[in-house]
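As structure tokens, the structure follows; a few thoughts come after it.
Both counts, for ligands and for their atoms, begin at 1 and track the order of listing. Since we're looking at a predicted model, the values are computed, not measured.
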Amino acid sequence: MKHFLSVKDVTDLNQLITSGISAKRDPFADNDLGKNKTIGLLFFNSSLRTRISTQKAAQNLGLHVITMNVGQDGWGLEMEEGVVMNGDKAEHVKEAAAVIGSYCDIIGIRSFAELQDREKDYAEIVFQQFKKYAEVPIINLESATRHPMQSLADCMTIEEFKIKERPKVVLSWLPHFKALPQAVANSFCEWMNPMDVELVITHPEGYDLDPQFVGKGQVIYDQDKALEGADFVYGKNWSSYQHYGQVLTSDPSWMITEAKMALTDNGKFMHCLPLRRNMKVADEVLDGPRSLVIEQAANREWSAQAALKEILLGLM
Ligand code: CP
């Protein structure tokens, strides 16, 4: 694998999931693979899970790790080509990416959507520019439109906990007063599409995701109907794609409660975290036996390890 930007970079998803599950059983089996190599982790936005799990996975593979909060500590980076840099951006990505690429064998980047201009966000300019100028593999640690490391961990978690050959997986929009990106929801759908699952997506009208991500997913606007018989409920808030970046409603009746989970087929609850308790999901669900959120977050280490291993094999 040359880069890890989306599921499109994965040649064999089942093999990648199996690799993650193997890494969990034997974390140091490939400890020599990253020897004398360095990964740079660049964060334009906050993180808890992605930062720590990716660092840990890299260390398990023997990689040296350099982490930088570029959004806080670095020079402001200009991404556009051919502009007069007379604003607040002190450095161009052409130099920055090339320089970081000269220090690091792999670069991981987190850069969220700004939710102002859909075309700009969906063009993923930060990742495209680093890919163009760094000349080393680029790993997506959550971009404007995708969060593949999370989605791989989600696939692993569903594989581990499914009790039916073809489980029903429901992605449910959750209420939130803030505008959040569509990246996790987009990516979850994109990764569920090649999986052997029945994918249902439920959200209020006006929150339809970009059709390129929905794929085989069936959209049902009635949350209760969508949850019927679900084996997994994946909760996530996102802002509107059509009315880009807007919060059209924060209707509390969309919060996941035990009463909602009772509609499922003894379903499990998943969320990528962080989440606001009793606004998106009730304590009774998160603290009860249905919740997989900790197991899911723990799998972030193993999804990162599986992806980094593929990248390192590609460097050999
Ligand atoms: N799920 C996830 O990406 O968590 P962080 O934002 O804390 O990294």
I need the Lys37 NZ to Ile311 CD1 distance, nearest 0.5 Å.
12.5 Å

Result for side chain to side chain contact (heavy atoms under 4.5 Å, CB included) between Ile109 and one of Ile138, Asn140, Ile139, Ile100 points to Ile138

Please name the residue in the list Glu160, Glu301, Glu159 that meets the salt bridge (charged side-chain N to carboxylate O under 4.0 Å, His left out) test with Lys24.
Glu160

Looking at ligand 1, does any of its N/O atoms fall within less than 3.5 Å of an N/O of Arg49?
yes

Atom 7 (O) of ligand 1 has as its nearest protein heavy atom Leu48 N, 2.7 Å

Contact between ligand 1 and Arg300 is defined here as a heavy atom of the residue under 4.0 Å from a ligand atom; is it met?
yes

Going by an N to O cut-off under 4.0 Å, is there a salt bridge joining Glu81 and Lys132?
yes

Run the salt-bridge test on Glu198 and Lys216 with the 4.0 Å N-O cut-off and return the result as yes or no.
no

Has Arg110 got its NZ or CZ under 6.0 Å from the middle of the six-membered ring of Phe44, at an angle within 45 degrees of the ring axis?
no

Top protein contact for atom 6 (O) of ligand 1, by heavy-atom distance
Arg110 NH1, 2.8 Å

Ligand 1 to Ser47, heavy atom cutoff 4.0 Å, flagged ligand atoms 5 (P), 7 (O), 8 (O)

CD1-CG distance between Ile106 and Leu315, expressed to the nearest 0.5 angstrom:
5.5 Å

Check ligand 1 against Cys272 and write out every atom of the ligand that is under 4.0 Å from a heavy-atom position of the residue.
1 (N)

Suppose we measure from atom 3 (O) of ligand 1 to each protein heavy atom; which comes out shortest, and what is that distance?
His147 NE2, 2.8 Å

Sub-3.5 Å N/O-N/O distance, Gln150 and ligand 1:
yes

Hey, is Leu273 touching ligand 1 through its side chain, its backbone, both or neither, going by heavy atoms under 4.0 Å?
backbone

